[in-house]
Amino acid sequence: MIDQNDDAVRGRRAFLKNGLVLGATLAVPGAVSAAQRKLTQADLRPLAEPPVPASAGRVVAAQPVTSPRVVRPELLRRAMAALDTHGSRVANRDRIAIADMAAPSAQPRFHIVDLASGRSQSFLVAHGSGSDPSHTGYLKRFSNDPGSNASCEGAFLTSDYYVGKHGNSQRLIGLDATNDNALARAIVVHSAWYANADMIRSHGMLGRSQGCFAVGEGELAKVFAALGPGRMIYSAKI
């Protein structure tokens, strides 16, 4: 017959023994696993080290850093879709200009984006008087009609430079049904006094063009240098 006192004694001895083993394990982190394998440099990493990002090893485009406004995602998606659609006609696909005509003329809304680095430059740009008859500073409508003096929407291909009634200018070829009259209408990129930044300080908005992408007089050289011929401008209001 087994004495219950003997069971109690053996139970206390087992508890003390297990407690000593557990205490030793806690006092020396990794003692149990170390007995099974050699320690490596990985064991010396700080416990708070974050996990490796899922994108490690994959090139991720930088975010725009020089633009005061980031191109809105949906507008950028549409612009890139247009670039894919018209890719066979666009010789240079390293940069793209995006005119965000949902923004007022008082904001830099003509974004030239470097698709390799993700960097962008943003400029003031005027819209057509036919697109904003009441001169509110906001584009109300697009038109592709000759004589409308309105801005037109869609994808444009930058073409050659010339000197016209607005001085140095760049011809544009409309690639969509919504702007295929651009060349005939002389919708171009040029500079104008009414697109200078001081118009915002005095009037709260830019003046209006006859449908052209008019930029500030001091900005035209920068825009031409970034655009060049054979690149795409995408203009939309979404």
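Numbers here are sequence positions counted from 1.
The CD1 atom of Ile98 sits 7.5 Å away from atom NE2 of His111, with the distance rounded to the nearest 0.5 Å. The distance from atom CG of Leu227 to atom CZ of Phe110, rounded to the nearest 0.5 Å, is 5.0 Å. For the atom pair Ser151 OG and Phe142 CZ, the distance stands at 6.5 Å (nearest 0.5 Å). The CD1 atom of Ile233 sits 6.5 Å away from atom CD of Gln170, with the distance rounded to the nearest 0.5 Å. Summarising the geometry, atom CD belonging to Gln121 is positioned 8.5 Å from atom CZ belonging to Arg95; distances are rounded to the nearest 0.5 Å.
When the side-chain contact (heavy atoms from CB on, under 4.5 Å) test is applied to Ser129, the partners found at least two apart in sequence or on another chain are Asn149, Arg208. Residues forming a salt bridge (Lys or Arg N to Asp or Glu O under 4.0 Å) with Arg93 (at least two apart in sequence, or on another chain): Asp84. With sequence neighbours excluded, the residues satisfying side-chain contact (heavy atoms from CB on, under 4.5 Å) with Ala150 are Ser131, Ser143, Ser148. Applying the side-chain contact (heavy atoms from CB on, under 4.5 Å) test to Asp180 and every residue at least two apart in sequence or in another chain returns Asn144. Listed by chain and number, the residues in a side-chain contact (heavy atoms from CB on, under 4.5 Å) with His203 are Met199 (sequence neighbours excluded). The salt bridge (Lys or Arg N to Asp or Glu O under 4.0 Å) check on Arg78 picks up Glu74, with sequence neighbours excluded. Partners of Asp160 according to the salt bridge (Lys or Arg N to Asp or Glu O under 4.0 Å) rule, which considers only residues two or more places apart in sequence or in another chain, are Arg171.
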List the atom pairs, donor and acceptor, that lie under 3.5 Å between side-chain atoms in residues 214-226 and the rest of the protein, sequence neighbours left out.
from	atom 1	to	atom 2	distance (Å)
Glu217	OE1	Asn196	ND2	2.7

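Residue pairs satisfying the ring pair (Phe, Tyr, Trp, His ring centres under 6.0 Å) criterion with at least one member in residues 112-135, sequence neighbours excluded, are absent. Legend: ring pair (Phe, Tyr, Trp, His ring centres under 6.0 Å) pairs involving residues 78-101, not counting sequence neighbours: none detected. Note on residues 163-200: pairs passing ring pair (Phe, Tyr, Trp, His ring centres under 6.0 Å), not counting sequence neighbours, are His166-His190. The side chain to side chain donor-acceptor pair (under 3.5 Å) analysis of residues 229-238, with sequence neighbours excluded, yields the pairs Asp94-Arg231.
Side chains of Ile96 and Val90 form no contact here, defined as non-hydrogen atoms less than 4.5 Å apart.
Grouping the Ile, Leu, Val, Met, Phe, Trp and Tyr side chains by contacts below 4.5 angstrom, directly or via other members, places Tyr161 apart from Ile173.
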